[in-house]
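Values below: all heavy atoms of this structure, side chains included; hydrogens, waters and symmetry mates excluded. For the single chain, residues carry numbers from 1 onward in sequence order.
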Amino acid sequence: MFVERRGTGADLFFALHGWGGDRSTFAPLAPHVPARASLYSADLPGCGLSEAPPEWSIEALIEEVVETIVSLGRGPATLVGSCGGAVFALLAAQRLGPEGVARVVMIDPFAYLPRYFRLFTSEVIGRRAYEATFANPFGRWLTNQSLRGRRSGASDLTASFAAADHEVARRYLTLFDGLGSVERFRGFDAPVDLAHGERSFGAVKRSIALWRGVLPQARVTVLEGAGHLPIVEATEQAAALLFGRGNSR
């Protein structure tokens with residue numbers, strides 16, 4: 001996996017982007033990385049500069065994520081995930097175990113694949129619907145305009161798809177759809193922060209309740225004024241949440 005490092009401190013923060021994105025999701029946080037920390041933002045397998053996984057399965061993806069974190073050799077990590085990447089961060093945390101994880105921070109995390117995204121997973125109709133929505137400039141512009149209630153300012157919910165590998169993006173949707181119930185995370189006991197944009201999707205807000213049901217230790221933070229891109233739209237709030245608590249349990 002390709003990983004970009006920001007900061008030189010000893011505390012390890014390892015970040016995974018969401019659907020259709022890449023490591024640049026976390027670029028706005030760069031000026032806020034404290035001296036004690038290093039933020040490693042990764043391209044998920046098949047995204048950005050990372051090669052495709054040996055097979056398209058959750059197990060293969062998480063194996064690569066865990067191997068990458070372990071290879072850094074920097075002690076317990078705070079795992080950070082945005083959107084769909086939050087689930088991968090939590091799965092990696094499960095695999096790493098309590099000795100390898102300081103905290104998990106889940107930013108605007110979905111707990112399930114909403115019905116309107118599931119449409120894109122079918123082979124014929126789904127492919128055409130995806131191409132009309134995300135694979136051409138006009139479709140992306142129209143989609144972003146239709147979602148202006150779920151974003152703030154000049155942020156663009158579909159900009160990352162201009163550079164995305166669209167077949168890879170559709171594969172990730174299929175993987176998300178096959179994750180199953182959040183019950184698989186019941187009993188996970190490391191510290192967890194759940195954060196969502198004040199104006200984010202209803203599915204995200206419903207997901208927060210589902211996450212709290214299986215992660216009762218989780219602390220919930222509402223990022224004021226932000227939509228589904230709080231790292232862009234509420235950068236200082238997101239940075240305070242991420243770096244304010246440190247890496248201690």
Side-chain angles (χ1 to χ4, degrees), residues 1-53 61-93 95-96 100-110 155-157 159-165 168-169 172 176 192-195 197 223 226 228-247:
M1 288 175 63
F2 184 85
V3 177
E4 186 172 19
R5 180 179 180 178
R6 294 180 171 89
T8 58
D11 288 354
L12 168 59
F13 292 78
F14 190 87
L16 298 172
H17 61 83
W19 181 56
D22 60 23
R23 66 191 183 283
S24 65
T25 294
F26 301 97
L29 295 173
H32 302 276
V33 177
R36 63 179 172 80
S38 289
L39 173 64
Y40 293 84
S41 51
D43 287 332
L44 283 165
C47 301
L49 296 178
S50 291
E51 295 182 1
L61 293 177
I62 299 307
E63 182 68 24
E64 287 202 38
V65 172
V66 170
E67 287 180 356
T68 302
I69 295 170
V70 171
S71 73
L72 298 174
R74 300 177 65 86
T78 291
L79 274 62
V80 185
S82 174
C83 186
V87 180
F88 291 138
L90 194 55
L91 286 165
R95 285 283 301 278
L96 286 164
V101 179
R103 182 168 58 118
V104 180
V105 181
M106 305 172 69
I107 301 174
D108 237 55
F110 286 98
S155 61
D156 189 337
L157 286 167
S160 63
F161 287 90
D165 182 318
V168 167
Y172 270 97
F176 290 146
V192 176
D193 275 293
L194 298 166
L223 300 172
H228 186 55
L229 298 177
I231 294 173
V232 174
E233 300 168 346
T235 306
E236 291 188 2
Q237 293 179 62
L241 169 70
L242 183 55
F243 301 118
R245 286 182 64 182
N247 256 24

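- In summary, of the residues considered (Leu242, Val104, Leu241), a side-chain contact (heavy atoms from CB on, under 4.5 Å) with Val80 occurs for Leu242 alone.
- The backbone N or O of His17 sits nowhere less than 3.5 Å from a side-chain atom of Ser82 that would complete a donor-acceptor pair.
- No hydrogens or angles considered: a donor-acceptor pair under 3.5 Å links the side chains of Ser41 and Arg6.
- Using modelled atom types, one side-chain atom of Asp43 and one backbone atom of Arg23 make a donor-acceptor pair closer than 3.5 Å.
- In terms of the side-chain hydrogen bond (donor to acceptor under 3.5 Å, both in side chains) criterion, Glu236 has no residue partners (sequence neighbours excluded).
- Put simply, the side chain of Ser160 gets close to the backbone of Gly20: a donor and an acceptor are under 3.5 Å apart.
- Looking at heavy atoms from C-beta onward, Val101 lies out of side-chain contact with Pro76 at the 4.5 angstrom threshold.
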* Derivation and outcome, side-chain contact (heavy atoms from CB on, under 4.5 Å), residues Tyr172 and Cys47 -> CA-CA 10 Å; Tyr172 270 97; Cys47 301; 3.8 Å; yes

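- Nearest approach of Asp156 to Ala159, heavy atoms of both residues: OD1-N, 3.2 Å.
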* Stepwise side-chain contact (heavy atoms from CB on, under 4.5 Å) test for Met1 and Glu51 -> CA-CA 7 Å; Met1 288 175 63; Glu51 295 182 1; over 6 Å; no

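- Thr235 places a side-chain N or O within donor-acceptor distance of the main-chain N or O of Ile231, the cut-off being under 3.5 Å.
- Taking the six-membered ring for Trp and the full ring otherwise, the centers of Phe26 and Phe13 sit at least 6.0 Å from each other.
- Residues Val65 and Ala92 approach most closely at CG1-CB, 3.8 Å, considering heavy atoms.
- Of all non-hydrogen atoms in Pro109 and Leu194, the two that sit nearest each other are CG-CD2, 4.3 Å.
- Heavy-atom minimum distance, Val66 versus Arg95: CG2-CB, 3.7 Å.
- The list of salt bridge (charged side-chain N to carboxylate O under 4.0 Å, His left out) pairs with a residue in residues 64-77, not counting sequence neighbours, is empty.
- To the nearest 0.5 Å, the span separating CG on Leu39 from CG on Leu29 amounts to 6.5 Å.
- Taking 4.5 Å as the limit, some side-chain heavy atom of Met106 sits within range of a side-chain heavy atom of Leu90.
- His228 and Phe110 have their aromatic ring centers within a separation under 6.0 angstrom.
- When all heavy atoms of Leu12 and Gly75 are compared, the closest pair comes out as CD2-O, 4.0 Å.
- Closest non-hydrogen pair, Leu16 versus Ala89, comes out as CD1-N, 3.8 Å.
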* **Cys83 vs Asp108, side-chain contact (heavy atoms from CB on, under 4.5 Å): CA-CA, chis, key distance, verdict** => CA-CA 5 Å; Cys83 186; Asp108 237 55; 5.5 Å; no

* Take Phe14 and Thr78 through the test side-chain contact (heavy atoms from CB on, under 4.5 Å) and record every step on the way to the result. => CA-CA 6 Å; Phe14 190 87; Thr78 291; over 6 Å; no

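- Residues Asp22 and Leu44 form no side-chain contact, since every pair of their non-hydrogen atoms from C-beta on lies 4.5 Å or further apart.
- A donor-acceptor distance shorter than 3.5 angstrom exists from the side chain of Arg5 to the backbone of Gly7, with no hydrogens or angles considered.
- Between Phe88 and Leu61, some side-chain heavy-atom pair lies under the 4.5 Å cut-off.
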